[in-house]
Amino acid sequence: MGHIAFINRSSSSPNNLISPLPVPVAEKKMALTLRSSSFIIPKDSRTHKTPEDSTSTIYYTQFRTAYSLRIRNSRHETQVLYEKESLFSNQKDFKGERLHALSGGLKIGSSVPVFVMLPLDTVSMWGSLNKPRALNASLMALKSAGVEGVMVDAWWGLVEKDGPLKYNWEGYVDLVNMVEKHGLKLQVVMSFHQCGGNVGDSCSIPLPPWVLEEISQNPDLVYTDRSGRRNPEYISLGCDSLPVLRGRTPIQVYSDYMTSFREKFKNYLGEVIVEIQVGMGPCGELRYPSYPESNGTWRFPGIGEFQCYDKYMRASLKSSAIEIGKQEWGEGGPHDAGHYNQFPEDTGFFRHDGTWNTEYGKFFMEWYSGKLLEHGDCILAAAEGIYRGTGAKLSGKVAGIHWHYKTRSHAAELTAGYYNTRNRDGYLPIARMLGRRGVVLNFTCMEMKDEQQPRHACCSPESLVRQVKKATKISRAELAGENALERYDEAAYGQVLATSREDSGNELGAFTYLRMNKRLFEGENWRQFVAFVKSMSQGGRKTWLSECDSGHSDLYVGFVDTRNQKSKVAALV
């Protein structure tokens, strides 16, 4: 951890230096400029000068390479300088603080650490970091805002694309080193799904080419709907235990991948890499791909469709039906479940008094949801064995499917594999499965309020979050959260703050913000985000930015040449 000292350049008095600090001069510095006094408010009780009357510099001595973070308006400027090695190494009595603790006291023991998702294409198709200079500057800004760390997808389609067991982690090695340099932590997602075709997907990263070759020869390797539409997002869980991928089962392939990651990054696990989120389905979530957006297949708030028509899933359903003496129930999924964009009352299965509540409906849903739970448990069992003793947490992501939640059947949840109805808690079995293995349940839609949703969709994200919080509390599973959609407004942040507390269930152990991009660093968006991070650090208590901020924050990222004071702009990712 680096140390911090203040230098007030508005006075010639040597007493303005709180702690002596030799400052090396660098010819070129990375600068982030926030045109406001809201970011860090220096105090000088001895001179009683206002922020507008003085210019202050904060030197953060952690990195030898000098970077500066400059916050200014027309009359006030604050600068943060980072250096690689601590110059206070021999001053044992100096007490450093985290940068984000400067503007207010933290409520120790009740803070909720905030992570930020990195862009989906942080590592390029060629295995190297995308826009490393801009990424470096962005990480510096996040660190100064008080963010705990960042999250990145470790794409199967990038790392193992050259062939079975041929892994290329080099881009991720560079990222881990950069994250460590800034004193941040890293959450890594084992992303065994494709990128592209879902909400927020800004790039396309398919499954490894050699896997796609196997799929082209055997299309039943992927999920299939009633009309025969194949979904290439993720390997069907129906073949989890079959050697269909060049002699290995999908579970073995995932295990080998996670083992390779452990060996490559064993010196960082538990220290820099603090969490491994294990992908278990499309979008990395434990669910079926029941609402695919690609090619306009599904549109909100459609009920989606069951994904159980590949030959492996059909064989499993048939076997389960025969076991209970109901062979006719194993011929296929429900015939009256409708289509992707229909509403519950338009179907025989999901309507108020539909088939979902019959003996057949209960049998089918227990099998369909049970297969999903079994799939998740198998992958997490492998992950538990691989990462045991590394110090890194394991987590699993569950989707926040809040539309049609107010109906009796909860149709959209059922097609996704969550057997949650008016009469049955579908999240308690999931929470128990995760809790048994010590896996954090990461839940989405934490930012949503019922009143913001269209009435005809019968949404209730708030009730859904309360139900999941209660399930994790009963199961003694740790709960973490994410926002489902990109939001930058105070209302969304306020809702996350409200759901982060322990009211009506578990409090959040961490929150991961979706996502780092150019919009996040725009003036008002950045101000709101900084205030949100501070509030989360104080246990979800609402805090406001300083009243001194009348200039409206505006973050600038660029290079400052100290010889001629000319700046070169570095574009944000």
With a 4.0 Å cut-off on N to O distance, would you call D310 and R230 a salt bridge? no
Practice task
Measure centre to centre between the rings of W155 and Y172, then say whether the value is under 6.0 Å.
Solution key: no
### Task
Report yes or no: does K469 contribute a side-chain atom to a donor-acceptor pair with the main-chain N or O of T499 at less than 3.5 Å?
yes
Looking only at heavy atoms, the pair that brings E275 and S395 closest together is OE2-OG, 2.7 Å
- Task: Answer yes or no: is there an ion pair linking K397 with E482, defined by an N-O contact shorter than 4.0 Å?
- Result: yes
Practice prompt. For the pair K143 (side chain) and G183 (backbone), establish whether a donor and an acceptor sit closer than 3.5 Å, ignoring hydrogens and angles.
Written response: yes
Practice item. Evaluate the side-chain proximity of Q452 to Q495: yes if any heavy-atom separation is below 4.5 Å, no if none is. Key: no
Side-chain donor-acceptor contact under 3.5 Å, E293 with Y291
no
- Would you please test R287 and E413 for salt bridge (charged side-chain N to carboxylate O under 4.0 Å, His left out) and show each step? CA-CA 9 Å; R287 65 172 176 86; E413 294 162 87; over 6 Å; no
Check whether any side-chain heavy atom of Y419 lies under 4.5 Å from a side-chain heavy atom of L373, and answer yes or no.
no
Taking every heavy atom of L372 against every heavy atom of G417, the minimum-distance pair comes out as CD2-O, 3.8 Å
Of all heavy-atom pairs linking A471 and L428, the shortest is O-CD1, 3.8 Å
Check your understanding: Do N136 and H182 have side-chain N/O donor and acceptor atoms under 3.5 Å apart?
Key -> yes
Separation between OH (Y223) and CD1 (I235), nearest 0.5 Å, reads 9.5 Å
In this structure, OH of Y427 is separated from CG of N420 (nearest 0.5 Å) by 5.0 Å
| message | Check whether S236 reaches the backbone of G238 with its side chain - one donor and one acceptor, N or O, closer than 3.5 Å. | response | yes
Discussion item. Looking only at the side chains, is there a donor atom on one of S463 and R466 sitting less than 3.5 Å from an acceptor on the other?
Written reply: yes
Exercise. Under 6.0 Å from the CD atom of E271, do we count more than 12 heavy atoms belonging to anything else shown?
Worked result: no
Verify whether one side chain among Q528 and E524 offers a donor that lies under 3.5 Å from an acceptor in the other. yes
Can you tell if the side chain of V244 reaches within under 4.5 Å of the side chain of E214, non-hydrogen atoms only? no
side-chain contact (heavy atoms from CB on, under 4.5 Å) between V188 and F265: does it pass, once the steps are laid out? CA-CA 11 Å; V188 181; F265 296 98; over 6 Å; no
| message | Can you confirm whether D256 sits close enough to Y254 that some side-chain heavy atom of one is under 4.5 Å from a side-chain heavy atom of the other? | response | no
Inset, instruction - For W298 and S290, indicate whether the former's side chain and the latter's backbone hold a donor-acceptor pair under 3.5 Å. - result: no
Checklist entry - Is a donor on one side and an acceptor on the other found under 3.5 Å between the side chain of Y513 and the backbone of R487? => result yes
So F521 and M516, do their side chains get closer than 4.5 Å, heavy atoms only? yes
When every non-hydrogen atom of F511 is compared with those of V112, the smallest separation belongs to N-CG1, 4.1 Å
| said: Just by distance, no angles: are the side chains of N506 and T472 close enough, under 3.5 Å, to form a donor-acceptor pair? | reply: yes
side-chain hydrogen bond (donor to acceptor under 3.5 Å, both in side chains) test vs D240 passes for just one of Q252, K371, H375, namely H375
Taking D153 for the side chain and S191 for the main chain, is one N or O donor matched with an acceptor at less than 3.5 Å? no
**Item:** Test item: N341 side-chain N/O and T297 main-chain N/O as donor-acceptor pair under 3.5 Å
**Value:** yes
- request: State whether the side chain of R246 and the backbone N or O of P164 hold a donor-acceptor pair below 3.5 Å, judged by distance alone.
  value: no
Review point. Are the side chains of M117 and V150 in touch, meaning some heavy atoms are under 4.5 Å apart?
Key: no
For Y288 and N231, test the side chains for any donor-to-acceptor distance below 3.5 angstrom and give the result as yes or no.
no
### Query
Does the Y368 side chain pair with the main chain of Q307, one donor and one acceptor, at a distance under 3.5 Å?
yes
Looking only at heavy atoms, the pair that brings K185 and V179 closest together is O-CG1, 3.8 Å
What I'd like to find out is whether the side chain of L207 reaches to under 4.5 Å of the side chain of P232, using heavy atoms alone. no
* Asked: Do the side-chain N and O atoms of E522 and Y488 include a donor-acceptor pair separated by under 3.5 angstrom?
  -> no
Problem - Sidechain-backbone polar pair: S537 side chain, K534 backbone, donor-acceptor under 3.5 Å - result: yes
